[in-house]
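One structure below.
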Amino acid sequence: MKWWRESRFGMFIHFGIYAVAEGMWKGEPVEGLAEWMQFRRRIPVCEYEKLAEGLTLRNFDAKAIVDLAKAAGMKYIVYTAKHHDGFAMYDSKYSDYNVVKMCPSHRDPARELAEEAHKAGLKMCFYYSQVLDWQDPDAFGNDWDYDPSKKVFRRFLDGKCKSQLRELLTGYGDIGLIWFDMPKGIAYEESLELKAFVKELQPDCLVSGRIYTEPTVGDYGSMGDNEFPSGKLPGDWETPATLNNTWGYRKLDTNWKEPAEIIRLLVELLGKGMNYLLNIGPMADGSVPEESSAILKEVGKWVEQNGEAVYGTLATPYSCDFEWGRISEKENRLYLYLFEKNKAIRVPGIHNKVQKVRLLKKGRDIPIEFTKRRDEEIVSFELPDTDTPYFDVVCLELDGSPDVEQGIFEQPDGRIHLYAHMAKLNHTGGESDGITIDPNGNIVNWFRTEDRAEWEFAVRQPGMYSVLLQTRGVKYTPWAGGHRVAAECCGQRMEAVLSDGKKVSNAHSRYFDERLSDLGTIRIPKAGTRSLTLKLLNCNPEEKAGLLVTRILLERVTV
Ligand code: JFZ
């Protein structure tokens, strides 16, 4: 895993004959992801394969793509060798349903990319769909050409799947990882067998978390697409993400993310010690959409200047995040990624001696004056005016590996963040289907009034605090709220119906509607460790997500 942890930032490439359709079919736009079109329209293989003639590769330039990855600061490339449509985008001897045999140029883009990637020192990796294959009668997914009752998955596994993995792992040099996907349908033992098969051919080749439905077989976990956890996850994780909203090229999808948003998401993940696998979807002629290139080159300017705070960093040593930015660590250093060009930063709870504070400026760092209050161990400094594109990064050089306050504690700005992933859950209604914390670090599946969530936190400044509950709706759907909840703290109880909560804008806003609802105000009589319990009194059936909690925010009310 060393190279993978060091890399932190990779390029996903979704390239296939679906690019010829550009997200359209018979002149009509097809809803959803461009590479899922055959499934959406239940297109027979004999019709779908005609798209191959349109994949000209006339402007496919592997060196230009690898140069783009390098310009973005990416260290590995994951290329769709075979997606769910079953069409091999490499020179497969096992199946003629491939780019060399059926596309007019008879070129092998995988080989060209692998050669350029190896030359450039980037890891070459392959995406392979090990369960869904809409061309193969023994795989899952195509019940319009084939009779599912006649399917023998073992035949597909030992046939097309392993034969093509062998081709990929013996014919293209060192492969960094196989990115398996959509594992629903493969048995645990079969996924272990597949992992062993890969390791037998290339012992150092990693396998992604989606080799199985649980992230326990893969060498690391893969979040859901474009999903960013709100807290640190144990082990190694990555988020696969798009520059717009589709993986394969879709001409109508012009929802391009701004470079600032991409860098913000990269920083979100760096703060949790995670990798960012960011996608491009080349067009049928092999060229990269202009918008994708422009965004990646712009992101690369920031990465180029702050690479020291990208590669090989580990998650923040703190239990939770600060509002002003994110933190990662590497050896005896903390890296602060500052969201605002604001002037005063205060970093609480540092037990180390701080030797130096510097603004990262590739090769000519700027030292920053700072003070460290002994009593509250708060490091404070003023951020100089900088011309850094997007976020400034400040490095704190410590006298040893970072030793910081753990648990939830009041921040210098008087706010206390009770993150969902730090709650203690009580399933009074039984473990089975009660509330749980999902990989995104949220409390989900809360429909029952018997369940409870409880937080412990340290208060320095007693006084009045307003209590705000942050909840989320279902992905891509507007927040409905409507639940009646109660919060109890310091012997006081608040009740509220989650009605018109204030919209939250954060790294998740593009895909999730999150609201902050005011539950009321409590008085915390004295400093020390306190606890707060959240209860669901009545669940609104209209909110399909149930009571989905991402955070409770306590804000000191300045009188
Ligand atoms: C899968 C593919 O179906 C898709 O075409 C693309 O290749 C993407 C990278 O991976 O889509 C998924 C798989 C898993 C989740 C979401 C989309 N998930 O776990 O939320």
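Every heavy atom of this structure was used, including side-chain atoms; hydrogens, water molecules and symmetry mates were not. Indexing begins at 1, ligand by ligand and atom by atom, following the structure's order.
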Pair D219 + K199, salt bridge at N-O below 4.0 Å: yes
Contacts of Y188 that satisfy ring-ring contact (aromatic ring centres under 6.0 Å, His included) - sequence neighbours left out: Y212
Ionic contact status for E193 with R154, cut-off 4.0 Å: yes
Electrostatic pair K82:D133 at N-O distance under 4.0 angstrom: yes
Pairs satisfying salt bridge (Lys or Arg N to Asp or Glu O under 4.0 Å), at least one member in residues 178-188, at least two apart: D181-R210
List the atom pairs, with distances to 0.1 Å, where a side-chain N or O of residues 49-60 and a protein N or O form a donor-acceptor pair under 3.5 Å, not counting sequence neighbours.
from : atom 1 : to   : atom 2 : distance (Å)
T56  : OG1    : R58  : N      : 3.2
N59  : ND2    : D285 : OD2    : 2.8

Near ligand 1, at a heavy-atom separation below 4.0 Å: residues by chain and residue number: F12, H14, E35, W36, H83, H84, Y127, D181, M182, R210, G224, D225, W247
